[in-house]
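One structure below.
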Amino acid sequence: MYRENRDLLARAIREETGGADPLLTDGEAHADLASTVAFALAKKERRRPPEIAQELAGRLAKRPDLMGIRVEATGPYLNFTFGSEYLDRSLQAAVKPGYGSLPRREERVVVEHTSANPNGPLHVGHIRNTIIGDTLARVMKKAGYRTETQYYVNDMGRQIAIVSWGVDRYGGGDPAVKGDDRIARQYIAANRELEADPALTSEIDRLMQQVEAGEPETVAKFRSAVSICLDGIKKTLADLHVSHDRFVWESDFVRNGDVGRVLDRIRLLPEYRRDETVWLDLAPHGFDKRYILQRSDGTTVYAARDLAYHIWKARHCDRMIDVLGADHKLIGAQLQCTLRLMGETPPSIVHFEFVSLPEGSMSTRAGKFVSADDLIAEVEGKAREEVARRREDLGEAERHAIARSVAVAAIRYDTVKVSPEKAMVFDWRQALDFERQSGPYLQYAHARACSILEKAGPFTGSFGYSDPHEIALAKMIARFPSVIEQAADQLAPHLLAAYAHRLADLFNTFYQHVPVLKSESPSRERRLTLVRGMQNTLRECLETLGIDALASM
RNA sequence: GGGCCCGUGGCUUAGCCUGGACAGAGCGCCGGGCUUCUAACCCGGAUGUCGGGGGUUCAAAUCCCCCCGGGCCCGCCA
């Protein structure tokens, strides 16, 4: 309804002004929507904005298609306030399962995220990628796109060669240790040894040549080491409510000849250069650095395989979205540029800035990081304390289940609420805060609503709101589909996080000031319907954020 | 050195793309509210040169330029 009214108003303003940009904005406290079009017209018409607004308001108010929308000019502003029918119809939609889902589209979207090198466990930097990516995928799905998530597995880079070399040298470690932790130990030890004795580097080079040539034993060793690590990573991802639809192995593109074919096509580009290496001269396109694709020993670098991957990926979807750290900005832009030169589809790239520790940036190689597993364990521990304190009535298993959900909610929300371009310093105090601007706060609002609905028993849905708290809440509920739309259009999952908070906030205020169960019919039924609508909206919203909508906590 | 990003109350942050009505929140601080639908809550209060300067505009946190501070990138790594 909100989106319909917005589009209706935009068209009406365009028609009444002879095609001016409607300049619709959020009306905030003043109205549901507002327009500043009178300012824009003032210059052209050489009249004062309030005068124009006044006249325009008069014309708009007479339009039959805007029946039910109150139009008024407040000084130079045009304010539009939607009538009660708007709220009633919005609530009718809001109580239905799947509320907020936009009409299905045919477009297929592939969201690639996380794709961390399998040389150790995910740390708090990686999971920013994971959480942004997974939330984005959920948003796209909710916005009607056919969506698939992919993890691009680097199983043949230098770092993996070091891992494989280490596994060979140290015997693979204790099988009781989680795969990603086990691999990290080999990787860290191998790096230490390589730093001490640089001559050993030639052994790494040889491994990389062997794997590129498809030498079976080396290939098998790389795969095995990567699989061990990936098993651990998948476990961590599952703990965060993340699963990928597909894992795409980098080496497959070498083995199936795709990388070779990419290089063949590259040769035909005017940007193609060959000396000891194969590279592209992208200077005419604004990149002064060489874009190297093949080393002097004939092995390909990551960039070549990445081109092959994206070309393959583009065959299976209409749109690609990659979630990458800000350190990949240059290489990402070069990739997009090259794909364009080849006549291929470039991906949209969502970059996020780094997460660092108070003592500096993280490093897997140096073993300097806070692992996602540690974070989850720590937050879950705190959640257990909280649940134990509040819910003595529940059994231990039930309390642990709640604590687990609360922990994931806290972590996911903390990460997704910050816009991606903001660099973050990881902060334990903030991670362990379950108050207002947190995932648990949202879950709490949902649980409160569920509790009311459960105690209420069956009731007949009915509509009509007059109390300011009711109206404010109903209006926020009505906005949900437009928030999904906006988050999808802008690839900005944090917009959804902000919405969830505003919704929960308004509900808690409503909860405090407006009695539901104790109110008299017909208010009781109307308010119960509103609570149902809010609960359903918040549930859909939380689901899209990858957070459990708990019925009790 | 060049490129990209960030700089909003003590701390964290929304708003910036698409300029417009008093810059929203959270933490912390001060004060209030649990015989009443779950107090992970609610209500009230103090705290802001929107990094600095210039420009564009009727109007700038928002657009442009310069400067300062921080992060990232500039590899035959990924």
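To find a chain, count down the sequence lines: A is the first, B the second, and so on, and within it residues start at 1.
Atom C1' of rU8(B) sits at a distance of 11 Å from the matching atom of rG24(B), rounded to the whole Å. Using atom C1' as the reference point in both rU18(B) and rG71(B), the two lie 28 Å apart (nearest Å). Only the P atoms considered, rA46(B) is 16 Å distant from rG10(B), to the nearest whole Å. Using C1' as the reference atom, rG53(B) and rA60(B) are 15 Å apart when rounded to the nearest Å.
For rA78(B), one of the phosphate oxygens OP1 or OP2 lies less than 4.0 angstrom from a side-chain nitrogen or oxygen of Arg305(A). Distances shorter than 4.0 Å separate none of the side-chain N or O atoms of Arg295(A) from OP1 or OP2 on rG75(B). Between rC42(B) and Tyr441(A), a contact under 4.0 Å exists linking OP1 or OP2 to a side-chain N or O.
The aromatic ring centroids of Tyr413(A) and His501(A) lie 6.0 Å or more from each other.
Under 4.0 Å is where a charged nitrogen must lie from a carboxylate oxygen, and between Arg295(A) and Asp205(A) no such pair does. A salt bridge does not link Glu195(A) with Arg192(A): every distance from a Lys NZ or Arg NE/NH1/NH2 to an Asp or Glu carboxylate oxygen is 4.0 Å or more. Taking the charged nitrogens against the carboxylate oxygens, Glu380(A) and Arg384(A) do have a contact shorter than 4.0 Å, which makes a salt bridge.
Using a 4.0 Å heavy-atom distance criterion, Ala551(A) is classed as a base contact. Val531(A) comes within 4.0 angstrom of no nucleic acid atom, judged by non-hydrogen atoms across all strands. Within the 4.0 angstrom heavy-atom criterion, base atoms lie near His328(A). Residue contacts for Ile160(A): at a heavy-atom cut-off of 4.0 Å it reaches no nucleic acid atom on any strand shown.
Protein atom CZ of Arg158(A) is 9 Å distant from nucleotide atom C1' of rC76(B), rounded to whole Å.
Ring-to-base geometry does not place Phe39(A) in a stacked arrangement with rA59(B) (centre distance under 5.5 Å, plane angle under 30° required). Stacking between His30(A) and the base of rA21(B) is present: ring centres sit under 5.5 Å apart and the planes differ by under 30 degrees. Here Phe354(A) does not pack flat against the base of rG71(B), since the 5.5 angstrom centre distance and 30 degree tilt limits are not both met.
Checking Asp288(A) against Ala504(A), the closest nucleotide of RNA chain B that is more toward the 5' end is the one next to Asp288(A).
Scanning atom types as modelled, no donor and acceptor separated by under 3.5 angstrom connect the side chain of Thr509(A) and the base of rC42(B). Between the base of rA21(B) and the side chain of Asn79(A) there is a donor-acceptor pair shorter than 3.5 Å.
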What are the atom names and distances for every N/O pair under 3.5 Å that joins the protein to nucleotides 10-17 of chain B?
unit_1, atom_1, unit_2, atom_2, d
rU12(B), O2', Gln430(A), NE2, 3.2
rA14(B), OP1, Ser419(A), N, 3.0
rA14(B), OP1, Ser419(A), OG, 2.4
rA14(B), OP2, Lys422(A), NZ, 2.6
rG15(B), OP1, His494(A), NE2, 3.0

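Residues passing the side chain to side chain donor-acceptor pair (under 3.5 Å) test with Thr130(A) are Thr114(A), sequence neighbours excluded.
Set against rC37(B), rG75(B), rU57(B), the side chain of Ile292(A) has rG75(B) as its closest nucleotide.
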